[in-house]
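Okay, so here's the structure we're looking at.
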Amino acid sequence: MKIAKLIFITGLILFIPFQMKAEDGYKLWLRYSKISDKVLAEKYSGILKSICLTKEISNSDVIKSEIELAAHDMLAHAPEITSEITENTSLIIGIKGKCDLLKTKNMEQILSTLGDEGYYIDQISDKKTNYFVIAANTPAGALYGTFHLTRLMQSCSDFTELPVSESPKIKHRILNHWDNLDRTVERGYAGFSIWDWHRLPNHIYPRYIDYARANASVGINGTVLTNVNANAFVLTPQYIEKVKALADVFRPYGLKVYLTARFSSPIEIGGLKTADPTVAEVKQWWKDKVDEIYESIPDFGGFLVKANSEGQPGPQNYDRSHAEGANMLAEALAPHGGIVMWRAFVYSHEAPDDRAKQANNEFVPLDGQFNDNVMIQVKNGAIDFQPREPFHPLFGSMPNSSLALELQITQEYLGQGTHLAYLAPLYKECLDSDTYKTGKGTTVAKIIDGTIYQNEHTAIAGVSNIGNDKNWTGHLFGQANWYAFGRLAWNHNLSSELIAEEWIRQTFGNTPRLVNSITEIMLPSREAVVNYMTPMGLHHIMGWDHHYGPGPWVNIGRPDWTSLYYHQADSSGIGFDRTATGSDALCQYAPEIEKEYSNLETCPEKFLLWFHHLPWGYTTKAGNTLWNELCYKYNTGVRSAESMHQTWLKLQSDIDAERFNQVADFLMIQENEAKWWRNACLLYFQQFSGMPFPEDIEQPEGELEYYQNLKFPYAPGIKPSW
Ligand code: BDP
């Protein structure tokens, strides 16, 4: 007993100082670490000295507690918070029409341009007063403005950015959780689902509040709680009560809840014999169900639907179109202001055409048939969230419909839970792609933000990488992708560099050494992954089902799930011919793109094997044979992974031990797995090229057979059933 006690006490002595220093990543980018610069600290304390938070702001409690937390942790300061302006007031947070100071002509004019969620921050000085103001039209805007202010402070800003006028470019900025009711997460690599359905509605974890805070801090305003491979059970009264509990927690943070709707729900939980969208009872069932949901959750966002895709039921089961299915749900939601996000991720092995063409084949003929509150949710590329894909040809092909962009934040195909891949460059690559559909400048961003076709509803969705791991995202740097998704959803014009810098400053600190070194790791990281997994337009050559690790040999019979179908390697060459001589997928793009990508002279090399089947001896722009170029690319990817790891190791003294060690371990895994990818892919493709590895690369090690025999039946995130 005594010994046990001694061990316990020694343990405390040994561990407490260590634990105090270590951080587990739970606080995300909202760490509010102490401002050590005295001048800045004094300035910020001055701004936060006495805050007038006009009491009419319905979420004033959450704004108040955020500011108190930030002031306490960054400045060891307790602001005075009032609901009236006093002579001490240093900061006013107010919404239009409620606060006299915001009734000046100038302010009214500014606010009139900011929309529902925008905000304005400025320092106002006149003879008598000198105060800061955060002005908005709504409580959500006031909260977003508050987070902007705390972000500036955490980043040690000298406030030269003022005045700030911000409003989101896209209306619905939504996380999609692929979370199942049993708490497994499809393609989730950060533990189990954060939604503890069994304990809801009675137990509210503080994590739910922190989740809402984190989303609000980057402007995310919606969350689909459940998997697109949907379970009808979530629509039963028992679960609606649970969803309501979450919605109540999220509301003050401007975060709406949405659910996935399984198309066969009227049969599975409604006792009907059919789910045919043209049958009156079915329509009525959905109408009643939607009314029931709104009764509990008056600001419910709507439904996300995966229909007639990968075994999910849908209107085509009854020979009805996607439009008929979507509109039935849209009609039920419309009176309440809800929307339907109907996914365009459809393909079938029974369809004879290239999988990359099938979504356009199905959806383009339906353009103009969808109700106004239906959005077609389209993945960034036509296959499936690969490390690199050209933009999806549906963007710009449905001028009479509202298209939403779906991105994947979880890294299903980019190293899952252990590879560092900063995804803002991937998101930007798609957003900035010029579709040319209405002439030059018709970028994906301008299509989805409504600029081109003036859509009332605009949306962007990110498949979440969040789980119940202490640090939320498994890999600490997964947090940067959640952050980047939110920031780009708010403003797609932000650069990847700027977003990385913001995140680094808040997550690690403001020293130039930290900012520069971590930027140096993050910015090229996605390209590194492309290089060591799928360079030059290769795609879909990963392990079967779990999608973990290389699998260029995967051949499970069904062509569209088979690597051989995508790389088409044989002794004559490699690549998928999607020009007019092949599947002609290029004809779905605008003529400018079709011309550019069809022509080998002008096709960007990053997409070469996506669109062309080329001989191994083909000469690349650098003057290499295709085979050598491929080898160089794989090798460059490995080199980049090594250098990311080395750069990180130099930061040991700058970062707390727990976070430093986790990332260091994962970078080691990444380096090893990059070699695994290179070795396995090059050994496999060499069988067809019959050419030697260039001498100036590290020679791929091992036997192809060894790599082909590796099995991972318990890899995380597997899709439960097909
Ligand atoms: C693929 C995933 C699969 C999803 C599907 C989807 O492998 O688990 O169900 O996409 O988006 O990326 O529906």
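All ligand and atom numbering here is 1-based and tracks the order in the structure. Only heavy atoms go into these numbers, but all of them, side chains included; no hydrogens, no water, no symmetry mates.
Ionic pairing of R388 and E429 is present here: one or more N-O contacts between side-chain nitrogen and carboxylate oxygen are shorter than 4.0 angstrom.
Shown in contact with F345 at under 4.0 Å from a heavy atom are these atoms of ligand 1, numbered in order with element: 5 (C), 6 (C), 10 (O), 11 (O), 13 (O). Those atoms of ligand 1 with a heavy atom of E310 less than 4.0 angstrom away are 4 (C), 5 (C), 9 (O), 13 (O). Counting the atoms of ligand 1 from 1 in the order shown, those under 4.0 Å from a heavy atom of E186 are 3 (C), 4 (C), 8 (O), 9 (O). Atoms of ligand 1 found under 4.0 Å from any heavy atom of E412, numbered from 1 in the order shown, are 1 (C), 2 (C), 7 (O), 12 (O). Heavy-atom contacts of K379 reach the following atoms of ligand 1: 1 (C), 5 (C), 6 (C), 10 (O), 11 (O), 12 (O) (cutoff under 4.0 Å). Those atoms of ligand 1 with a heavy atom of N229 less than 4.0 angstrom away are 9 (O). Within ligand 1, the atoms closer than 4.0 Å to a non-hydrogen atom of H547 are 7 (O), numbered from 1 in the order shown. Close contacts between ligand 1 and Y413 involve ligand atoms 7 (O), 12 (O) [criterion: under 4.0 Å to a heavy atom].
Ligand 1 has no nitrogen or oxygen under 3.5 angstrom from a nitrogen or oxygen of E406. Ligand 1 has no nitrogen or oxygen under 3.5 angstrom from a nitrogen or oxygen of Q408. Annotation: W178 places no N or O atom under 3.5 Å from an N or O atom of ligand 1; distance criterion only.
Taking the six-membered ring where the residue is Trp, Y566 and F576 present tilted rings, their angle falling between 30° and 60°.
Donor-acceptor pairing under 3.5 Å is recorded for the side chains of N361 and D353. Judged by distance alone, the side chains of N380 and E406 never bring a donor and an acceptor atom under 3.5 Å apart. Inspection of the N465 and N481 side chains reveals no N or O donor paired with an N or O acceptor under 3.5 Å. A donor atom on one side chain and an acceptor atom on the other are found under 3.5 Å apart for Y413 and D384. For K256 and N221, the side-chain atoms include no donor-acceptor pair closer than 3.5 Å.
Remark: R207 qualifies as a cation-pi partner of W472 under the 6.0 Å distance and 45° angle criteria applied to the six-membered ring.
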